[in-house]
Structure formats: structure tokens, C-alpha cells
Amino acid sequence: GIVLGADTRATEGPIVADKNCEKIHYITDNIRCCGAGTAADTEYTTALVSSNMELHALSTGRTPRVVTAMTMLKQMLFRYQGHIGAALVLAGVDATGPHLFTIHPHGSTDKLPYVTMGSGSLAAMARDDALALVKAAISAGIFNDLGSGSNVDACIITADHTEMLRNVEMPNVRVQKERTYTFRKGTTAWTKESVRNLVVSEQVTPVGDAMDTT
Amino acid sequence: MESSYRIVPANANKSASVQDTANSLGLHDTLRYGPRSLAAEVQTESNLRNRLENWEATQDNTRLTLQRSTYGLHAPMRLLMERKIVTQGTNPFTAAMSPSNLHLDILMGRDNALEPADVFLGMESGPSLDIHEELRKRNM
């Protein structure tokens, strides 16, 4: 099987745009893709490839293979000469076994036993050991890198089952505020109070002549 | 079909011409197509647009050339004949009436794939109501 992990921070320059975004994208039931780089590019590219993989699977009548998705992605990214900023880690288990690929924005791919991408970290390898390793690796990225943060997502893909663990670890929960900051009623005085009555009167005015039935 | 094994479209020799936006007076038709500066186009445009526009055509050409060298001259000819049959020249209004040709999609191998063009709005400006213009462009 394969374990994928990702953090959940989306940044816009120095600002955190989304504290809990989903970086593990769905390609097919047995294939998932982690995306680093420009969020819009990764989301759109993975959505397009997911649709094409489904059509392809219906056309061939077989469960889709990871290399098919990899080929579709690399050919598309090469065509755009790197202007699509999507660095992807594609992983899945198909009829030929578990596979893990990285795809860089210009279209080059690598096949590796374990790999990291972006400023976060993703890995593959026994299940709980692998999950613990992935969580430790992503946590290292979350705490030591400004571009990663918030929570850890993980996805465990095996030959017959895919398990998506959203927010499997949340090491950055905001502390409860020490005081309540709401204003009690009566803090400020008011000079005028008017309640608008929403029930309005109705008046029917016939327009023109009565119905002409000649 | 040119006999070429190119996988990637060639970097186009940059040329800009008024011909594609000219009106009957021979000059760029600003009222219809908007402002245009040939000098700016030649200097600033990158190869990406040309590459993306010619991608499918170049790949298809490579496939046909490989088939010509593998199976003989008849192979690409038959395929091109089938495509021509399917986009019969008897109907010059197909672009206006229905831009999707299922038979052509099957022959070109696009019947089980989606492109961004299928997802986003297809036609930039609805069906052109000027049939004379369409016929003139086709005959040019």
C-alpha cells in the first residue's frame, strides 16, 4: 500500500489564505494526487485528469492505472512549458502494484519509493509505521517551514481500499480565549428605538376597464 | 499532411499580418476586432500561444508520418479520406449550426477525453450571422 500526507496551509505571499485546505486531490478511487505550487493550477489540473481518467476507465472497462494518470499529467504540463505551476505527487495502487510518481511543473517525472515535494513532505513505505512516519515528516514541515502549517492530512491507499484521513493530526488548534470579548447588553445607551411593522396594508386598485367579453 | 516527425510545434518565425483582420478596404478593421499594433505583437508575443494552438495538429502530423513510413503511402491517405468524408464540404454552415462533430471526434481519438475547451465557454462570439463572410473566409 501507499501512505500520502500533506499539510493544510494555503499561502498568498506572506499571508495564510486558507488554514485548512485540502491538498490531497482525488483522481480515482485507487489513485490520489498531492499538489504543491499554485493552488488553482493543481486543483484544475487534477480535476481535469480525474475526469479524463474516469472516461478512460469507462472506455477500457478496467480499473485505471497510475501510469495513465502520470502520462496524462506530464503531457499536459509539458505542453504548457511550465506556465502551469503544478508540482504533483501522484500515488496509487492498481493491478500492477503500488506506484509513487512526482511530476514537476515542466513535465518531468520521477518514480521513487519515497518522495517529498514543495515545502511540505509526503512519503510512502507497514501501515501504522508508515502513517507515523508520514505524520512525523509532515509535522517537521509544519513546524520548521513558514510555507506549511495547520493540520496534517493523510491518505492510505491499499490494493482494495482507500482511506482518507482528513485532519488526522491537528497540532495547531487555536487556544481558547481567556476572556469573553462580547459586550454586555446596556453597555451603550441608545436614543431612539423604532420597530418596523412588516405587515403592510393591501389595497386592490382595478386598472383599466372590467374584462371585455364581447 | 507534411512529412515531418516533429513532436512539438516549431518556434514560429514571428510574422504579423493585417490580412486576418482586414475589411474590404484592406486595412485592419478596428470597429470589428478592436485596436491592434503589429509592432507590439511581433516584439512581445511569446511562443506559448503558437505552441498551444498547433499542438494537436503537430502531433497528428507526426502520427500520420509514422504510419506512412510503417505501412506505406496508403495509410495516411485513407485516414485523411475518412476524416474528409465525415466533415463533408457540402455544408458551409456547420460552424454556426453545430460545432461538435461526433464522428470526427471518434476518428481523431477524442471521444473519451475532455479538454479545457469543452469545459469552458466554447464560442467566443456566438454563431456568426454573416454567412457571406464565412464563405469568403473559407474560399480564401
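In the text below, chain A, chain B and the rest are named by the order of the sequence lines, each starting its count at 1.
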Exercise. Between L52(B) and chain A, which part of the residue has a heavy atom less than 4.5 Å away: side chain, backbone, both or neither?
Worked result: side chain

Exercise. Considering residues, nucleotides and ligands other than K111(A), do more than 12 of their heavy atoms fall under 6.0 Å from its NZ?
Worked result: yes

Exercise. Is atom CE of M108(B) surrounded by more than 12 heavy atoms (other residues, nucleotides or ligands) closer than 6.0 Å?
Worked result: yes

Exercise. Is the number of heavy atoms from other residues, nucleotides or ligands under 6.0 Å of I106(B) CD1 greater than 12?
Worked result: yes

What donor-acceptor contacts under 3.5 Å connect chain A and chain B, backbone and side chains included?
{"unit_1": "N52(A)", "atom_1": "OD1", "unit_2": "L114(B)", "atom_2": "N", "d": "2.5"}
{"unit_1": "N52(A)", "atom_1": "ND2", "unit_2": "L114(B)", "atom_2": "O", "d": "3.2"}
{"unit_1": "S59(A)", "atom_1": "OG", "unit_2": "N112(B)", "atom_2": "ND2", "d": "3.4"}
{"unit_1": "F78(A)", "atom_1": "O", "unit_2": "R51(B)", "atom_2": "NH2", "d": "2.7"}
{"unit_1": "R79(A)", "atom_1": "O", "unit_2": "R51(B)", "atom_2": "NE", "d": "2.9"}

Exercise. Of all of V49(A), L55(A), L58(A), which one pairs up most often with chain B through heavy atoms under 4.5 Å apart?
Worked result: L55(A)

